[in-house]
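Encoded as structure tokens, the structure appears first; notes follow it.
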Amino acid sequence: MEKKEYDAVILGGGLAGLMAANIVASAGFSVAVVSKVFPTRSHSAAAEGGIAAYIKGNSDPNDDPDFMSYDEVKGGDYLVDQDAAELLSAKSGEIVHILDAWGAPFNRQPDGRIALRYFGGQTYPRTRFVADKTGMALLHTLFEHATGFKNIDFYNEYYVLDIVKEGKDVNGLVAMEMKTMDPVYLKSRALLIAAGGLGMLYKHTTNSYINTGDGYGIALRSGVALKDPEFVQFHPTGLYPSDILISEAARAEGGILKNNKGERFMARYAPHKFDLAPRDIVSRSMTIEIREGRGFKGGYLGLDLTHLGKEYIMERLSLAYDAAKTFSGVDATEEMIPVRPAQHYFMGGIDVDITGSNHDLNGIFAAGEAACVSVHGANRLGSNSLLETLVYGRETGDSMVNFLKSHKNVESNSNVDDIVNTAYLYIKRESGEHFGTLLNELRDIMWENVGIFRDKKKLEEAVGKISDLRKRSVNMYVTDKSSNYNTEVFNAFETRNMLDVALAVSSAALNRKETRGAHYRDDYPNRDDDNWMKHTVAYLGDSEIKISYKPVNFTRWKPEPRVY
Ligand SMILES: Cc1cc2nc3c(=O)[nH]c(=O)nc-3n(C[C@H](O)[C@H](O)[C@H](O)COP(=O)(O)OP(=O)(O)OC[C@H]3O[C@@H](n4cnc5c(N)ncnc54)[C@H](O)[C@@H]3O)c2cc1C
């Protein structure tokens, strides 16, 4: 097998991975960035609404970084590590200035300063944007910057299988070139997992097909913990019926949710913030409206933009307009856009501290949606994820540099062959379970039983069924035996990861007997700070998830009722 050696290997060519790559490379270390798609096709490119930032001299005169941190802490239902939130807010303006300087074409105010809009749960408006294509603009800017480094090699369309380790030391990873199906061992002292989210676990998701939770699955199998995996975000406005995202920007710019009676129903659920209450609250309210018969036939509600006027919609929300027109046949300047909640984001992730370091293995780091720092706690506020990828991508890059300066090479190739042999079994096997059958069952279970409303019975059933699917997956096989771009094989690898992560999500959800943020338990409808003000830490055992806890870091804000 081909073997290449680098100081650092980065799994993921999205915003988090590329930001860290820039930092590690500018310190003079050699870097490999591995991505299963061309980097600019990473899910970061799909981000629409914007990136939150407090910018001195260019924010509401009453705003300051403390308000921003407070919004994050309250938005996350007090499960946020407050030191991490404070760092996120404090560095937000700086990071937007860097991207601005590198060429990201932010929308401007008439006087030339970067424009801003309200997003859900913000006390003052602070979301910066490039129309409704913010992620695309930031990702291209960052990629362009990274390609300027001679010491960054890109492995585009390489699928990462597993981590190579020697005892507790990370030793790189094994990937497979998707075109040739040849394995390659990328050896390194430091490894960053920046593999993005897991939306494909759910039948209804706004995420790309590539968001299959590979980073979490790979981490779990290597003995690395996930923190708070029970916290999954559902976005209020997935386009009906395709679940393509209609950005929160649509409500930020004045869009109103209405039921089949024409009522602005959010007035009943969030009398102050209305449609711009945090996502967990709006998604639950919408589900109640639909369940109680106030939705439209088929199970959706209306998002009304018509009062904004055609010119404004075309300038600020052209992507939402195009998506509604192309995928639902609706002209948003004249009719309401049909929407329903869909899975959107994973607040949980690889357990790292405020420097992006994990402590289960030496030399392993995580950033972006793959990581749980935790700045989002039990519920993420809109436009804080792009910010997290960049702020913590940079922090984590700095930690990797420090690590590389003080850690020598560890010689070994212990589990490299095992990784490859296991992978090839899917191709060699002539019969067994097909990934598609397992995946469809999994996505149904996750949506029905581990979705917006949860209870003991549903969650126990989910854990049982997912455990069965994992047993069946031992015999996974593929019908396509070709050795060029065999996408069926990669789908099987992804399914293996999804099953492992799903077990963690459902087990942790069953374990947490309270309601907090996006984790709503019908059988425990209240927040229980006495017993549950703590992070879940989940490890993968032989056939079950082992759960322990970590304290939440408080700096200034004491828990209070979360009212909007
Ligand atoms: C439709 C949509 C709109 C959004 N809008 C916003 C918004 O307006 N504002 C906001 O703050 N947030 C938004 N978010 C969330 C935000 O975009 C993401 O959380 C963030 O971009 C994730 O960045 P990342 O770098 O962590 O991962 P990603 O950008 O998802 O990148 C993951 C990378 O990992 C690679 N990878 C994964 N598995 C493997 C493997 N096995 N082998 C090799 N490579 C692998 C992928 O190829 C990819 O390069 C949105 C999300 C969605 C889905």
Side-chain angles (χ1 to χ4, degrees), residues 47-54 59-60 62-82 84-86 88-89 92 116-129 134 206 228 231-237 245-257 264-287 303 341 344-347 369 373-388 391 452 515-520 527 552 556-564:
E48 303 173 14
I51 174 168
Y54 169 80
S59 289
D60 186 290
N62 297 311
D63 201 8
D64 69 31
D66 283 350
F67 268 120
M68 185 169 173
S69 305
Y70 169 74
D71 288 346
E72 287 153 16
V73 169
K74 180 181 172 190
D77 222 349
Y78 294 89
L79 196 71
V80 170
D81 281 342
Q82 298 185 2
E86 288 192 69
L88 186 76
S89 310
S92 60
L116 69 182
R117 58 163 66 124
Y118 259 119
F119 248 53
Q122 294 178 345
T123 307
Y124 298 106
R126 50 178 97 85
T127 295
R128 320 289 163 163
F129 52 94
T134 313
T206 64
D228 296 334
F231 294 100
V232 178
Q233 178 162 85
F234 298 88
H235 196 292
T237 55
L245 182 74
I246 298 297
S247 168
E248 189 164 310
R251 281 168 293 137
E253 297 290 356
I256 294 172
L257 289 165
R264 185 179 198 180
F265 57 87
M266 279 312 298
R268 268 186 278 125
Y269 301 93
H272 301 292
K273 284 279 177 191
F274 296 92
D275 307 83
L276 281 181
R279 291 170 178 178
D280 56 329
I281 295 174
V282 183
S283 291
R284 276 198 293 275
S285 310
M286 290 173 73
T287 308
L303 175 62
H344 183 61
Y345 184 82
F346 190 44
M347 272 76 70
E369 194 166 339
V373 174
S374 108
V375 288
H376 310 303
N379 171 64
R380 171 174 78 83
L381 293 187
S383 71
N384 274 356
S385 174
L386 290 184
L387 179 63
E388 184 200 359
V391 168
I452 299 175
T515 285
R516 186 184 294 273
H519 174 66
Y520 191 94
R527 195 174 83 195
V552 176
R556 284 193 263 175
W557 296 281
K558 292 210 170 59
E560 48 183 54
R562 189 164 162 261
V563 189
Y564 284 94

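Heavy-atom basis, side chains included; hydrogens, waters and symmetry copies ignored. Everything quoted here is computed from the prediction, not taken from an experiment.
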Please assess D77 against R527 for the test side-chain contact (heavy atoms from CB on, under 4.5 Å), listing each intermediate value before the final yes or no. CA-CA 9 Å; D77 222 349; R527 195 174 83 195; 2.6 Å; yes
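- Counting only heavy atoms from C-beta outward, the side chains of I452 and P341 approach each other to under 4.5 Å.
- Listed by chain and residue number, H535 satisfy the side chain to side chain donor-acceptor pair (under 3.5 Å) test with D228 (two or more places apart in sequence, or in another chain).
- Within the structure, the salt bridge (Lys or Arg N to Asp or Glu O under 4.0 Å) test picks out the following pairs touching residues 271-285 (sequence neighbours left out): E248-R279, R264-D275, D280-R284, D280-R562.
- Side-chain contact between S247 and F119: present, with at least one pair of heavy atoms (C-beta onward) separated by less than 4.5 Å.
- In terms of heavy atoms, A85 sits closest to V80 at CB-CG1, 3.7 Å.
- Annotation: ring-ring contact (aromatic ring centres under 6.0 Å, His included) contacts of Y345 (sequence neighbours excluded): H376.
- Minimum heavy-atom separation, W557 to Q82: O-NE2, 2.8 Å.
- How far OH of Y70 is from OG1 of T123: 7.0 Å, rounded to the nearest 0.5 Å.
- Nearest heavy atom pair, residue A84 against residue V373, reads CB-CG1, 3.7 Å.
- In this structure the side chain of I281 reaches within 4.5 angstrom of the side chain of S285, judged on heavy atoms.
- In this structure, the separation between OG on S59 and CE on M68 is 9.0 Å, given to the nearest 0.5 Å.
- R128 contributes a side-chain N or O that, together with a main-chain N or O of A53, makes up a donor-acceptor pair within less than 3.5 Å.
- Checked against ring-ring contact (aromatic ring centres under 6.0 Å, His included), F265 has no partners two or more places apart in sequence or in another chain.
- Within the 4.5 Å cutoff, the side chain of N62 has heavy atoms near those of the Y124 side chain.
- Closest of all the heavy-atom pairs between D64 and D66 is OD1-N, 2.8 Å.
- L257 places a side-chain heavy atom less than 4.5 Å from the side chain of M286.
- In this structure, the side chains of V232 and M347 stay at 4.5 Å or more apart for every pair of heavy atoms.
- Nearest approach of P65 to S89, heavy atoms of both residues: O-CB, 3.6 Å.
- Without hydrogens or angle criteria, R117 side chain to G49 main chain gives a donor-acceptor distance under 3.5 Å.
- No side-chain heavy atom of S283 sits less than 4.5 Å from a side-chain heavy atom of H235.
- Listed by chain and number, the residues in a ring-ring contact (aromatic ring centres under 6.0 Å, His included) with Y520 are F453 (sequence neighbours excluded).
- Of the N and O atoms on the side chains of H344 and T206, at least one donor lies less than 3.5 Å from an acceptor on the other residue.
- Side-chain N or O atoms of T237 include one that pairs as donor or acceptor with a backbone N or O of I246 at under 3.5 Å.
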Could you go step by step and tell me if D60 and R126 meet the salt bridge (charged side-chain N to carboxylate O under 4.0 Å, His left out) rule? CA-CA 8 Å; D60 186 290; R126 50 178 97 85; over 6 Å; no
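- Defined by atom type and a distance below 3.5 Å, a donor-acceptor pair is present between the side-chain atoms of Q122 and T127.
- A salt bridge between R380 and E72 is absent, with no side-chain N of the basic residue lying under 4.0 Å from a carboxylate O of the acidic one.
- Without hydrogens or angle criteria, K74 side chain to V563 main chain gives a donor-acceptor distance under 3.5 Å.
- Of the possible polar contacts, none joining the D81 side chain to the V552 backbone as a donor-acceptor pair under 3.5 Å is found.
- Residues that satisfy the salt bridge (Lys or Arg N to Asp or Glu O under 4.0 Å) test with E48, not counting sequence neighbours, are absent from this structure.
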Could you go step by step and tell me if F231 and N379 meet the side-chain contact (heavy atoms from CB on, under 4.5 Å) rule? CA-CA 7 Å; F231 294 100; N379 171 64; over 6 Å; no
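- The two atoms that bring A378 and L79 nearest to each other are N-CB, 3.9 Å, heavy atoms only.
- The closest donor-acceptor contact from the side chain of E369 to the backbone of F346 lies under 3.5 Å.
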Could you go through the side-chain contact (heavy atoms from CB on, under 4.5 Å) check for L303 and I256 one step at a time? CA-CA 6 Å; L303 175 62; I256 294 172; 6.0 Å; no
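- Looking at Y564 and P278, their side chains come closer than 4.5 Å, going by heavy atoms from C-beta outward.
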